[in-house]
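Please read all numbers here as calculations on a predicted model, not as lab measurements. Count residues from 1 along the sequence. Atoms within a ligand are numbered from 1 in the order they appear, just like the ligands themselves.
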Amino acid sequence: MGGHFSSLLASDVAPGERVPVTVLTGFLGSGKTTLLNRLLRLPDLHGTAVIVNEFGAVGIDHDLIAQTTEGTILLANGCMCCAVRSDLVEALNRIAERTGPPLRQVLIETSGLVDPGPILRTLMADPGIRSRFELAGVACTVDAVLGMGTLDRHPESVRQVAVADRLLLTKTDLLEDAALLSPLVERLREINGLAQLHADRESQPQVLRDHIQARKSTHVAPTDTLFYRAQYAAGDMATDSTPQHRDGISTFVLVRDMPLPRDAFAAWLDMVIAMRGEDLLRVKGLVHQAEDPDRPLVIHGVQHLFHPPELLPAWPSADRRTRIVFITRGVDAQALGETLDVLVRRHLRRSPSTL
Ligand SMILES: Nc1nc2c(ncn2[C@@H]2O[C@H](COP(=O)(O)OP(=O)(O)OP(=O)(O)O)[C@@H](O)[C@H]2O)c(=O)[nH]1
């Protein structure tokens, strides 16, 4: 075993007490800073660090953020898209090493123009960062009035939506008629049917607070709901779902009833990552491993980087099928499934006792 996923599987990294990091993205002017300010006015945010990333050498976003919460640290560290790795790593290390109240969670506000992919990669790839921090998820603001036009004109805004766990519709108060929202909601669902959509402006700061405070170790239930949402995204999951295409992005779910031999599954995922890593915008799944049938393996990746996979103590529901959700750019769902089947068959010919 030599690929990216296999090495993670072999390293057996324990989740531990890592600090959750949430990325807040959203196109220019979509309301990130406004939401952040409303968040910072809520109680119970002690130990929250906020990293603001701005486009251009002289940013003003950090001046627009009210520093109202005790124990909140604000860092402004320049342009995320061209210096993402060193700046972000440096900012996180600085936060982790400072003295003072314990750090409980981090929120990174990205510049409105960036594709959040490199930021997520940095969070997942840097060994020093990974040992201290865990990616809690991505929240994305979408302007209820201008969102549709932005998605039409700016591919980076599509990518922001595609990688989000939560989509927060802003400026709904400016809509004359709530029905005007439906085409945008439909479009967002086509790009990313997995994300939770929050259109209620009032509750959005609380939604974001709950999200940034959630630790992965407490995520058993959300992992389960992920698949209900996936079902919504991809229709019937009895077999592999038909890809939903929009904006060059397709979403599908790969489903397998039979337990998968661990080595065959890891070899397949290594191969998929090596060949199509750049096009895997988001991969999330529960895997039924033949060698450990009672504990599902949770996999979670962004492009060619995956989190260390984690074993859940038990299946979150009676459904024990392997279900992997893919949000990709142009990856052929059928070919992906067939390759997995070939590798599993080959493995079983060599080691028939696995099942
Ligand atoms: N009416 C209304 N205005 C909003 C809402 N959210 C943001 N705005 C306004 O929209 C404008 C842009 O909001 P910001 O919060 O600065 O947006 P941003 O995403 O941080 O913008 P960038 O930093 O340029 O990427 C500001 O004038 C806000 O007052 C909302 O929910 N309702």
Are any of the N or O atoms of Thr141 closer than 3.5 Å to those of ligand 1? no
Report the distance from atom CD1 of Ile191 to atom OG of Ser157, rounding to the nearest 0.5 Å. 7.0 Å
If I apply the N/O under 3.5 Å rule, does Thr34 come out as touching ligand 1? yes
Short N/O distance, under 3.5 Å, between Leu174 and ligand 1? no
Among the heavy atoms of Gly26, does any lie under 4.0 Å from an atom of ligand 1? no
So is Asp173 close enough to ligand 1, meaning a heavy atom under 4.0 angstrom away? yes
Can you give me the closest heavy-atom contact between Asp143 and Gly29, atom names plus distance? OD2-O, 4.1 Å
Which of the numbered atoms in ligand 1 are below 4.0 angstrom from a heavy atom of Glu109? 20 (O)
Do Thr33 and Glu109 meet the criterion of a side-chain donor-acceptor pair at a distance under 3.5 Å? yes
If we number the atoms of ligand 1 from 1 as shown, the ones under 4.0 Å from a heavy atom of Phe27 are 19 (O)
State, yes or no, whether a side-chain contact exists between Val142 and Gln160 at a heavy-atom distance under 4.5 Å. no
Has Arg256 got a side-chain atom pairing as donor or acceptor with Val287's backbone, closer than 3.5 angstrom? no
Report yes or no: do Val342 and Leu340 belong to one cluster of Ile/Leu/Val/Met/Phe/Trp/Tyr joined by side chain heavy-atom distances under 4.5 Å? no
Identified side chain to side chain donor-acceptor pair (under 3.5 Å) partner of Ser30 from the options Thr141, Thr170, Thr150, Thr25: Thr141
Polar-atom distance check: Leu35 versus ligand 1, any N or O pair below 3.5 Å? no
Numbering as shown, the atoms of ligand 1 that approach Thr33 to under 4.0 Å (heavy-atom distance): 15 (O), 18 (P), 20 (O)
